Amino acid sequence: MKTVEGNLTAQGMKIGLVVGRFNSFVVDHLVAGAVDTIVRHGGSEDNITKVMVPGAFEIPVAANKMAQSGDYDAIVAIGAVIRGGTPHFDYVAGECVKGIGQIQLQTGVPVSFGVLTVDTIEQAIERAGTKAGNKGEECTLAAIEMVNVLKQI
C-alpha cells in the first residue's frame, strides 16, 4: 500500500493571506502566528502576500481571485466572527466557510480556514495565542501540508 502524506516544509511556497479586518484586536495575532509559522517552516516573508478585506463575509471573493490567479500555492483565510445577539453571526460565518470550501474544489488550490467562529470575545482571545493556542498557526500548518500532499498525488 502506498501512503501519500505531506510534510511541513514551506520552502519556496507562495502563500496568500486573506485577512478580515473586523475584530482586528484578535485577527492581528492570528496573522502574526501565520507569518511566523511560514518562516519557521522554511518559507520566506517575500513569498507572502497579505490582502486585507473588511470582514469575514468578504474573504471568499478575495481568496477566489487569488486562487484563480495561479500565483499562489495556498491561501490562508484569517478572520474572526464573534456571536452577538442577532442571527448575523450565522449568516456571516456560514457564507464564509461555504465560499472557502467552494474555492478549494473549483480551483484545486488549498484554502485553509483560519476564521474564528466563537461565541465570546474570551473564546476569540483564547484561540489567538493564549490558552487554546494560535489558530493562525494551526491553519497555516494545514495549508503547508496540503500543498505538499497535492504535489504527490
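Please read these numbers as outputs of a predicted model, since none were measured by experiment. The residues of the chain are indexed from 1 along the displayed sequence.
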*Tell me, with the steps shown, if Y72 and I15 meet side-chain contact (heavy atoms from CB on, under 4.5 Å).*
CA-CA 5 Å; Y72 302 94; I15 299 177; over 6 Å; no
In chain order, what residues pass the salt bridge (Lys or Arg N to Asp or Glu O under 4.0 Å) check against [X], with sequence neighbours excluded?
{"X": "E138", "value": "K135"}
{"X": "K98", "value": "E95"}
{"X": "D71", "value": "none"}
{"X": "E126", "value": "K131"}

_Are the side chains of E145 and V147 in contact, using a 4.5 Å heavy-atom criterion?_
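They are not in side-chain contact.
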_Are the side chains of V19 and V27 in contact, using a 4.5 Å heavy-atom criterion?_
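Heavy-atom side-chain distance check passes, below 4.5 Å.
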Rounded to the nearest 0.5 Å, what separation is found between the [atom1] atom of [X] and the [atom2] atom of [Y]?
{"X": "T140", "Y": "R40", "atom1": "OG1", "atom2": "CZ", "value": "13.0 Å"}
{"X": "D73", "Y": "I144", "atom1": "CG", "atom2": "CD1", "value": "10.5 Å"}
{"X": "I125", "Y": "I82", "atom1": "CD1", "atom2": "CD1", "value": "8.0 Å"}
{"X": "E122", "Y": "T130", "atom1": "CD", "atom2": "OG1", "value": "10.5 Å"}
{"X": "I59", "Y": "F113", "atom1": "CD1", "atom2": "CZ", "value": "8.0 Å"}
{"X": "M146", "Y": "C139", "atom1": "CE", "atom2": "SG", "value": "13.5 Å"}

Got a sec, which residues hit side-chain contact (heavy atoms from CB on, under 4.5 Å) with [X], two or more places apart in sequence or on another chain?
{"X": "E5", "result": "none"}
{"X": "R83", "result": "F89, D90, D119"}
{"X": "L141", "result": "L8, T37, H41"}

*How far apart are the C-alpha atoms of L116 and V81, what are their side-chain angles, what is the distance that settles it, and do they pass the side-chain contact (heavy atoms from CB on, under 4.5 Å) test?*
CA-CA 6 Å; L116 300 181; V81 185; over 6 Å; no
For residues [X] and [Y], report the shortest heavy-atom separation together with the two atoms involved.
{"X": "A62", "Y": "V51", "value": "CB-CG1, 4.3 Å"}
{"X": "L150", "Y": "P110", "value": "CD1-CG, 3.6 Å"}
{"X": "A10", "Y": "I38", "value": "CB-O, 3.9 Å"}
{"X": "M13", "Y": "N47", "value": "O-CB, 3.2 Å"}
{"X": "C96", "Y": "A56", "value": "SG-O, 3.4 Å"}

_D28: which residues meet the side chain to side chain donor-acceptor pair (under 3.5 Å) condition with it, sequence neighbours left out?_
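Expected list: none.
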*Looking at residues at least two apart in the chain, or sitting in another chain, which of them share a side chain to side chain donor-acceptor pair (under 3.5 Å) with N23?*
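Partners of N23 by the side chain to side chain donor-acceptor pair (under 3.5 Å) criterion come out as none, since no residue qualifies.
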*Could you name each residue pair satisfying salt bridge (Lys or Arg N to Asp or Glu O under 4.0 Å) that touches residues 11-23, not counting sequence neighbours?*
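Counting only pairs at least two positions apart or across chains, no salt bridge (Lys or Arg N to Asp or Glu O under 4.0 Å) contact touches residues 11-23.
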Under 3.5 Å, side chain of [X] to main-chain N/O of [Y], donor-acceptor pair present?
{"X": "T120", "Y": "Q123", "value": "yes"}
{"X": "E137", "Y": "G133", "value": "no"}
{"X": "E58", "Y": "G55", "value": "yes"}

Residues 99-108 side chain polar contacts: donor-acceptor under 3.5 Å, at least two apart:
| residue | atom | partner | partner atom | Å |
| --- | --- | --- | --- | --- |
| Q104 | OE1 | V111 | N | 3.2 |
| T107 | OG1 | I103 | O | 2.7 |
| T107 | OG1 | V109 | N | 3.1 |

Indicate if [X] and [Y] have the same hydrophobic cluster label, given that clusters are the connected sets of ILVMFWY residues with side-chain heavy-atom separations under 4.5 angstrom.
{"X": "V26", "Y": "L17", "result": "yes"}
{"X": "M52", "Y": "I48", "result": "yes"}
{"X": "I121", "Y": "V118", "result": "yes"}

*Applying side-chain contact (heavy atoms from CB on, under 4.5 Å), run through E45 and V39 and close with a yes or a no.*
CA-CA 7 Å; E45 283 195 49; V39 172; 3.7 Å; yes
_From CA spacing to verdict: side-chain contact (heavy atoms from CB on, under 4.5 Å), N134, R127_ = CA-CA 5 Å; N134 185 310; R127 287 159 179 77; over 6 Å; no
*Residue from I75, V115, V76 passing side chain to side chain contact (heavy atoms under 4.5 Å, CB included) with V18*: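 The passing option is I75.
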*Which hydrophobic side chains are connected to F22, either touching it within the sub-4.5 Å cutoff or through other members that do?*
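F22 clusters with nothing; isolated.
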*Heavy-atom count around Y91 OH within 6.0 Å, excluding the residue itself: above 12?*
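No, because the 6.0 Å sphere around OH of Y91 holds 12 heavy atoms or fewer from other groups.
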